[in-house]
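Below, read A as the first sequence line, B as the second, and so on, with proteins coming before strands; counting in each chain starts at 1.
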Amino acid sequence: MRNPIKFGLVAALAASVSASAAMADTVKIAFIDPLSGPFAGTGTNGLHQYEFAADRLVNEAGGVLGGDMFEIVAFDNKISPKESLIQLQVAIDQGIRYIAQGNSSGVANALTEAIEKHNRRNPDDRVLFLNYSAVDPALTNDKCNFWHFRFDANADIKMDALTDVMAGDDSIKKVYIIGQDYSFGKAVAAAAVKNISEKRPDIEIVGNELHPIGKVKDFTPYARKIVSSGADAVITGNWGADMLGLGKSVLENGYTGPIFTYYAAADGITAAFGETGKGSLRLVAEGQINPPVSMRATEYYNAFKEKYPEGNISQARITNVIEMLAKAINEAGSATDVVAVANALEGMEHEGLWGGKMMMRPQDHQLIQDVHIHAHTDDGITFDYDNSGFGLVVENTVTMAAMDSPTTCEMKRP
Amino acid sequence: MDLILVNIIDGLVTGLLLFMLSAGLTLIFSMMGVLNFAHASFYMLGAYFAYQISLALGFWMGLLIAPLIVGVMGAGVERYGLRRVHQYGHVPELIFTFGLALLIEELVQFIWGKNQMPYQVPDVLNFTAFAIAGNSIPAYKIFMIFISVAIFIGLLYVLTRTRVGMIIQAALSYPRTVESLGHNVPLIFMGVFGVGTALAGVAGVIAGPVLGTFPGMAFVLGSIVFVTIVIGGLGSLWGALVASLLIGWVTTFAKSYNIAMSDILNGIGFSTPENLSDSLWRDLWTVTSPQIADILPYILMVLILIFRPYGLFGKRDA
């Protein structure tokens, strides 16, 4: 071995082969999400949260089934449904039984269909789909199947909670709805109109508008319309640059009321809003970060920050995915019999790391949990986002939101 | 009525911002015949540099230093990149600037990441200058207007009243003659390229805090800048100004008022088809002005190209 680099490579290869041989009993979870391209930031942050949750909540506690370790295997889907299906096949070929995905409902729709087909045709190596973020209501309604489990509250549930809070605020008389011109933006607008007209028929919807997604340079004209409509509240499902652009523009041009949002936090948005967003920005989500609910949650967040100083726990539900999966595997007594694991997950009740009871509703595999309305502020923030001093504090909580909400799901069980 | 005044101010801000980008681009294009695809990338670099400088030295130093750095980089790109590619003709130049745009975007993502940067309006300008019927005009917007107008007057003075400007104008039309008179034309080219990119840098510095500082900011402005210089006429500073303001006002007004296509069509004598949802023309009838606001400049460009191919203020055929 004259070439030290070559020797090193061979040694590393040998080590990795022997390592994987020694850890034959790992439970692998495929993480299929964007790790390159414009949404890589969100995807990478999610991957870190998964790896950390698996290590801290499962592996350091001795694993599942008396010693099997969780391992997160990352696959880059470039947020494309087509690419996701290829990565799904690669994951299945590697013998992975658990698929985690969250960014984009378009991808989730493609995956859930492909997984159902695969499981029907290959009863010997079935897989489960752990959807941790895709919130299209159809996934647990018309398009539901036995293999899909959603750990985030869907768009309808979030809007239900949001409008519950709005309905209790008598100062709100006029509402302006604005969103991006695509399926999710339209779903948010439709849910908002439906909920508001049911709960507070006296509220006037003074604007319901869609704008091109990712193409608006300057939101000032939209902001002027919102201000001159006399709206007391704004509802938007915008995310990314569109959220920041709209929010800043509306606030800088004289609007002072609340802006109810889905995704106005973390990934640089919290820091960019800073002082401007204080007092106006509201965000509906599960998972209470501030104030911390327990010593355990505080320690967990501190340990995460130590490992990823630039990171945020922006998707608290990821810990629920890991904990509930571990519990289900232990209950089923097997990590390879995914039907038994799915049956254990179905109807499972769980006490989350971030507080509150939750239950995986058996009818449609939608996790029913507490949904919070957060406020963007720098007061009473224990754990900020983007190291900016600003973060989200829980203002209102709807416990077990939409527990009795109807579903059109007709689950076929194997 | 009040809203009209507000929209005029908003459109002015948008238009002047566009002008700062297109002024540099139109000079570069008319002088070297290069469509600089990376122009908007220099705008983005301006915003990012200014953000980085503002963290250490505050906003004002950022406004001062960042455009200088961007200008020096632009001059360097001309001296060591474009000038070498120039001998192979226009297509390699185009491809070079296009590649540069991609490179800068990747570089920005590599250094600053993909997230939004918290680049904020400075505290001294973070107040409402005045309000018109509840619509507040932030002081920062007034500041943007002043900066852009000052730059326009400065440019106009240099180009029309000074010796440097005369040489530049001569080099625009007759580079060979100017060269044989003993002037260093490549140096002039480098200077113009540097100043043009520095202007884009200034635009980035002052737009970053209001329009957001993120890796996609070059992309959203990239194509509209070319539209501006085509409408205005290549090489004309006045043309760039008029076209920028026109685009600023057209898009602002189109977005602010929900003018429905069905009203216009009814107004000029067409009646709405009875079963609209089955009609072949459904999409046309249901269009509203905010939906098409951002493509109006492109329609304007097509019309200009048909009826006045050298642009509003262009002096020669494009």
**Q** Counting only heavy atoms closer than 4.5 Å, note whether A/F219 contacts chain B via side chain, backbone, both or neither.
**A** neither
**Q** Taking heavy atoms only and a threshold strictly under 4.5 Å, list by residue number the residues of residues 217-227 of chain B that touch chain A; give 'none' if the list is empty.
**A**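 If one takes a 4.5 Å heavy-atom cut-off, the residues of residues 217-227 of chain B near chain A are B/V220, B/L221, B/I224.
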**Q** Using non-hydrogen atoms and a limit below 4.5 Å, what part of residues 199-215 of chain B faces chain A?
**A** B/P209, B/V210, B/L211, B/F214
**Q** Does a side-chain heavy-atom distance below 4.5 Å link B/Q291 with A/E209?
**A** no
**Q** Do other residues, nucleotides or ligands put more than 12 heavy atoms under 6.0 Å from the CZ atom of B/F130?
**A**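 Yes, enclosed.
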**Q** Can you list the residues of residues 15-22 of chain B that sit under 4.5 Å from chain A, counting heavy atoms only?
**A** none
**Q** How long is the gap from OH on A/Y255 to CG on B/N135, to the nearest 0.5 Å?
**A**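 Reported value, rounded in 0.5 Å steps: 14.0 Å.
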**Q** If I take atom OG1 from residue B/T251 and atom CG from residue A/D218, how far apart are they, to the nearest 0.5 angstrom?
**A** 8.5 Å
**Q** Is a donor on one side and an acceptor on the other found under 3.5 Å between the side chain of B/Q120 and the backbone of A/A272?
**A**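 Between the backbone of A/A272 and the side chain of B/Q120 there is a qualifying donor-acceptor contact (under 3.5 Å).
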**Q** Where do A/R224 and B/D10 land on the side-chain contact (heavy atoms from CB on, under 4.5 Å) test, with the steps shown first?
**A** CA-CA 9 Å; A/R224 297 290 184 217; B/D10 288 340; 2.5 Å; yes
**Q** Considering only heavy atoms and a distance below 4.5 Å, find which of B/A131, B/P118, B/S136 pairs most often with chain A.
**A**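 With the most close heavy-atom pairs to chain A, the winner is B/S136.
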**Q** At a heavy-atom separation under 4.5 Å, does B/T14 approach chain A through its side chain, its backbone, both, or neither?
**A**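 Only the side chain of B/T14 comes within 4.5 Å of chain A.
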**Q** Hey, mind stepping through A/K225 and B/N258 against side-chain contact (heavy atoms from CB on, under 4.5 Å) and telling me if it holds?
**A** CA-CA 10 Å; A/K225 265 194 278 188; B/N258 284 317; 3.4 Å; yes
**Q** For A/K217, which atoms come within 4.5 Å of any heavy atom of chain B: side chain, backbone, both, or neither?
**A**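 Looking at A/K217, backbone and side chain both touch chain B.
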**Q** If you draw a 6.0 Å radius around NZ in A/K194, do more than 12 non-hydrogen atoms from other residues or ligands fall strictly inside?
**A** no
**Q** How about CG on A/D379, more than 12 heavy atoms from neighbouring residues, nucleotides or ligands closer than 6.0 Å, or not?
**A**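 Yes, the 6.0 Å shell around CG holds more than 12 heavy atoms from other groups.
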**Q** Please classify the contact between B/D294 and chain A as side chain, backbone, both or neither, with a heavy-atom cut-off of under 4.5 Å.
**A** side chain
**Q** Between side-chain atoms of residues 231-244 of chain A and protein atoms elsewhere (two or more places apart, or another chain), which donor-acceptor pairs fall under 3.5 Å?
**A**
unit_1 : atom_1 : unit_2 : atom_2 : d
A/D232 : OD2    : A/K173 : N      : 2.7
A/D232 : OD2    : A/K174 : N      : 2.9
A/T236 : OG1    : A/I178 : O      : 3.0
A/T236 : OG1    : A/N238 : N      : 3.0
A/T236 : OG1    : A/N238 : OD1    : 3.3
A/N238 : OD1    : A/Q180 : N      : 3.2
A/N238 : ND2    : A/H211 : NE2    : 3.0
A/N238 : ND2    : A/D242 : O      : 3.4
A/W239 : NE1    : A/Q180 : OE1    : 3.3
A/W239 : NE1    : A/Y182 : OH     : 2.9
A/D242 : OD2    : A/Q180 : NE2    : 2.9
A/D242 : OD2    : A/G214 : N      : 2.8

**Q** Considering non-hydrogen atoms only, spot the tightest contact between A/K248 and B/Y119 and give its length.
**A**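 The pair with the smallest heavy-atom distance is NZ-O, 3.9 Å.
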**Q** In sequence, state the C-alpha distance, the side-chain angles, and the governing distance for A/N253 and B/K141, and then conclude on side-chain contact (heavy atoms from CB on, under 4.5 Å).
**A** CA-CA 10 Å; A/N253 290 309; B/K141 285 208 162 153; 3.9 Å; yes
**Q** Let me know if A/E275 has heavy atoms under 4.5 Å from chain B in its side chain, its backbone, both or neither.
**A** neither
